Protein chains: 2
Amino acid sequence: MSLRHAVLGLLADRPASGYDLMKRFETSLAHVWSATQSQVYGELGKLADGGLVEVSAEGPRGRKEYAITPAGRAELHHWLTEVEPTRARRSDSLLRVFFLGELTRLEARTYLLGEAERAAQQLAGLKEAEAAIDWGGDPLSVHGRLAMEYGKRLSEMHEEWARWAAEQLTP
Amino acid sequence: MSLRHAVLGLLADRPASGYDLMKRFETSLAHVWSATQSQVYGELGKLADGGLVEVSAEGPRGRKEYAITPAGRAELHHWLTEVEPTRARRSDSLLRVFFLGELTRLEARTYLLGEAERAAQQLAGLKEAEAAIDWGGDPLSVHGRLAMEYGKRLSEMHEEWARWAAEQLTP
DNA sequence: CCAACCATGTAATAAGTTACATGATTCA
DNA sequence: TGAATCATGTAACTTATTACATGGTTGG
């Protein structure tokens, strides 16, 4: 149930509308937690019902700006410090690896080298994003930087592993 | 929609009942693709309706053994070679990293060192599992081994990153 | 005989995706 | 004035989780 905490976390930084939040899901949080527009608007409604956020301002075009409440901040803090992170357990790219025996050796190697290539592409994309982002001192971006480093290390590891794995299949 | 492909992949190796499949989801596929019992039985029904698997034998206690059909094998092959893997984009442990600014520096460091510890535990668990598994020459385990190596490299990377990140927060 | 294990299913709920529907405001 | 952007919502559907419900078989 982390969508709600993603929303709370973003609002903890500063108030925002559903539309604003969507942009942040699509940019900074893109590789970490994805959400669709209907989820975000739905969750804002539920959070408001529960008193964890409140409408702090209304603007043109029916814009509603939400702000986190003390109860919301308490819930966020609780989640951050006391809820054990769940180990992610779903990767369709790794799932395929288990079934490479269904393919010829050549096809399997092609798949793994494709993985290496996709990982390399991802790394390039992250580096580009990193250069483009204004890493000004705002508190959220300090930690966004830590996450960025994770992404880079992950892509590197993924690429190396895939090349190694492809080699294992070369007799 | 990879649950269906996970089931097809397991049945491609050898026929199995829903119960058998569940055990394999809980063991070999545990870190790669999780599924619940009701999902597995439900998916077997749908796959059978679609002609991708068929009941190949019935045993005691209402046991139904399913086998993959040629159509199922074709679908599996298609998924393995032509469907682009989706980049996984959800990790609640990484999501927390973005919001560490809500915590004191000490709390944030504690979280990151906890991550390091959990990663180390995971690595230990994988090594133990690796030692316990009979890596006999069967085709599925050749590739299970590649996935195992991925898991080990991932845990190592995760631990190193978390220690590095904790250090970044030390003034 | 009873515990452990084998075995299948359904119901209710929650979470996530895709598509549809609508309209205001800004700026070139 | 027309395109891009801002802005919110709902409906239908799929996927995943949790809990319930039932019973047969094996082996110590």
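Values in this document were obtained by computation on a predicted structure and should not be read as measured data. First the proteins, then the strands, lettered A, B, ... as listed; each starts at 1. Atoms considered below: every heavy atom in the structure, side chains included; atoms not considered: hydrogens, waters and symmetry mates.
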J.: So, A:His5 versus A:Glu75: side-chain donor-acceptor pair below 3.5 Å or not?
T.: yes
J.: For A:Arg61 and A:Ser34, find the nucleotide of DNA chain C closest to each by heavy atoms; which residue's nucleotide sits nearer the 5' end?
T.: A:Ser34
J.: Just the rounded figure in Å: distance from C1' of C:dG16 to CZ of B:Arg89.
T.: 13 Å
J.: Just checking, A:Arg4 and A:Trp79: is the charged tip under 6.0 Å from the six-membered ring centre and within 45° of the axis?
T.: no
J.: Strictly below 4.0 Å: does B:Arg63 bring a side-chain N or O up to OP1 or OP2 of C:dA7?
T.: yes
J.: What integer distance in Å separates B:Glu26:CD from C:dA7:P?
T.: 14 Å
J.: Is A:Tyr41 near enough to D:dG9 that one of its side-chain N or O atoms lies under 4.0 angstrom from OP1 or OP2?
T.: no
J.: Side chain of A:Met1 only, please: which of D:dC6, C:dA19, C:dA15 is the nearest?
T.: C:dA15
J.: Calculate the interatomic distance between A:Met22 atom CE and C:dG16 atom P; express it in whole Å.
T.: 13 Å
J.: Rounded to whole angstrom units, what separation is found between the NZ atom of A:Lys46 and the C1' atom of C:dT13?
T.: 11 Å
J.: Under the side-chain hydrogen bond (donor to acceptor under 3.5 Å, both in side chains) test against B:Ser17, which residue among B:Glu58, B:Arg63, B:Glu65 passes?
T.: B:Arg63
J.: Take the protein atom CD of B:Gln37 and the nucleotide atom C1' of C:dA7, then report the distance between them rounded to whole Å.
T.: 9 Å
J.: B:Lys23 NZ to C:dC5 P: how many Å, rounded?
T.: 11 Å
J.: Using only modelled atom types and a 3.5 angstrom limit, is any donor from either the side chain of B:Thr36 or the base of D:dT18 paired with an acceptor on the other?
T.: no
J.: Could you give the CG-to-C1' distance, from B:Asp92 to C:dG16, as a whole number of Å?
T.: 16 Å
J.: Do A:Gln39 and C:dT17 share a donor-acceptor pair, side chain to base, under 3.5 Å?
T.: no
J.: More 5' along DNA chain C: B:Ser38 or B:Pro60, using each one's nearest nucleotide?
T.: B:Pro60
J.: I'd like to know if the side chain of A:Gln39 reaches the main chain of A:Thr36, judged simply by a donor and an acceptor atom lying under 3.5 Å from each other, with no hydrogens or angles considered.
T.: yes
J.: Respond yes when some side-chain nitrogen or oxygen of A:Arg90 is under 4.0 Å from OP1 or OP2 of C:dG16, and no when none is.
T.: no
J.: Ignoring backbone atoms, establish whether A:Lys64 has a side-chain N or O less than 4.0 Å from OP1 or OP2 of D:dG9.
T.: yes
J.: Tell me the interatomic distance from A:Leu44, atom CG, to D:dT8, atom P, rounded to whole angstroms.
T.: 8 Å
J.: May I ask you to establish whether B:Arg89 and A:Trp33 are in a cation-pi arrangement, using a distance under 6.0 Å from NZ or CZ to the six-membered ring centre and at most 45° from the ring axis?
T.: no
